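Just so we're clear, the structure is a prediction, and the values are computed from it rather than from any experiment. Sequence positions, counted from 1, serve as the residue numbers for this chain.
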Amino acid sequence: MPPEVLPIEGTGYLGRAERVEKLNEGGRLVVAGDWHNDYFHPVCLEVFNDRGETLGNLSIGQHPTKHVTSIAKSLPDVIATVKKVTPISQRSKGSRYPLMDVRLELAPGVSHEQFISDFDRHGDISTSSQVLISSGTSLTAKDLVGNVDVSMSD
């Protein structure tokens, strides 16, 4: 997986704007996959700060399902960092939320060939990195260390 930069969406909800505006370029983020989200199919890729607070969701709507799935399945081997933050104050008049881009890249020591091999071996969504979190559970950075997949159960 070559490095990839994706915007996030939803920064104007749930108190996310204030948290996004405090981030610095290069800051470490956590991305978790929610395979049972009602609004994103096949998976929602939610972005959290290092304190486990939600920042938004990776904007993946224009990408093919296979690409989105491969990102979600690769999360244990992916490092996510802040690429760019555009505060509300630097946007056009009337803007109500900040913008942020997230850089995704393979962790050091994980080769592209190893990543592809692991992906082929674990082609279904029930990989060993998947963690079930019950609805209403608040997540902390400790819960999300290692960029694990998070599936919401009922």
- Query: Is there a side-chain contact between K83 and E4, using heavy atoms and a 4.5 Å cut-off?
  - Reply: no
query: Below 4.5 Å, heavy atoms only, C-beta onward: do T69 and W35 meet side chain to side chain?
result: yes
Assess the residue pair T54 and R16 against the criterion (side chain to side chain contact (heavy atoms under 4.5 Å, CB included)); give the C-alpha distance rounded to whole Å, side-chain angles, the decisive distance to 0.1 Å, and a yes or no. CA-CA 7 Å; T54 181; R16 294 169 172 162; 3.1 Å; yes
- Side-chain touch T11/R19, heavy atoms, less than 4.5 angstrom: no
| task | Give the cluster check for F40 versus V78: same hydrophobic cluster or not, with ILVMFWY residues linked at side-chain heavy-atom distances below 4.5 Å. | result | no
Practice task
Please answer: with hydrophobic residues joined when any side-chain heavy atoms are less than 4.5 Å apart, are V85 and L6 in the same cluster?
Solution key: yes
Show, in sequence, the C-alpha distance, side-chain angles and deciding distance for L23 and M100, and conclude whether the side chain to side chain contact (heavy atoms under 4.5 Å, CB included) test is met.
CA-CA 9 Å; L23 297 171; M100 185 172 92; 3.4 Å; yes
Of all heavy-atom pairs linking P98 and P87, the shortest is CB-CA, 4.2 Å
* To do: Verify, without hydrogens or angle tests, whether N49 (side chain) and G52 (backbone) share a donor-acceptor contact under 3.5 angstrom.
  => yes
Item to complete: Measure from the side-chain N and O atoms of S59 to the backbone N and O of I8, and report whether any donor-acceptor pair falls under 3.5 Å.
Response: no
- prompt: Side chains of I79 and R28: closer than 4.5 Å at any heavy-atom pair?
  reply: yes
Would you say L104 and L58 make side-chain contact, with heavy atoms under 4.5 Å?
-> yes
To the nearest 0.5 Å, atom NE2 of H41 lies from atom CG of D38 at 12.0 Å
Minimal heavy-atom distance between A72 and V43, with the atoms involved, is CB-CG1, 3.8 Å
Rounded to the nearest 0.5 Å, the NE2 atom of H36 sits from the SG atom of C44 at a distance of 12.5 Å
Could you check whether any side-chain heavy atom of V20 comes within less than 4.5 Å of a side-chain heavy atom of L99, counting everything from C-beta outward? no
Given the options L75, N37, D34, L45 meets side-chain contact (heavy atoms from CB on, under 4.5 Å) only with L75
Is it the case that one hydrophobic cluster holds both L55 and I88, taking links as side-chain heavy atoms less than 4.5 Å apart, direct or via other members? no
Check: Below 4.5 Å, heavy atoms only, C-beta onward: do V102 and V5 meet side chain to side chain?
Finding: no
CG of D101 to OG1 of T86, rounded to nearest 0.5 Å, is 7.0 Å
| Given side chains that start at C-beta, do those of P3 and R103 come closer than 4.5 Å, heavy atoms only? | yes
Practice item. Determine, for Y97 and R91, whether the Lys NZ or Arg CZ falls below 6.0 Å from the six-membered ring centre while staying within 45 degrees of the axis. Key: yes
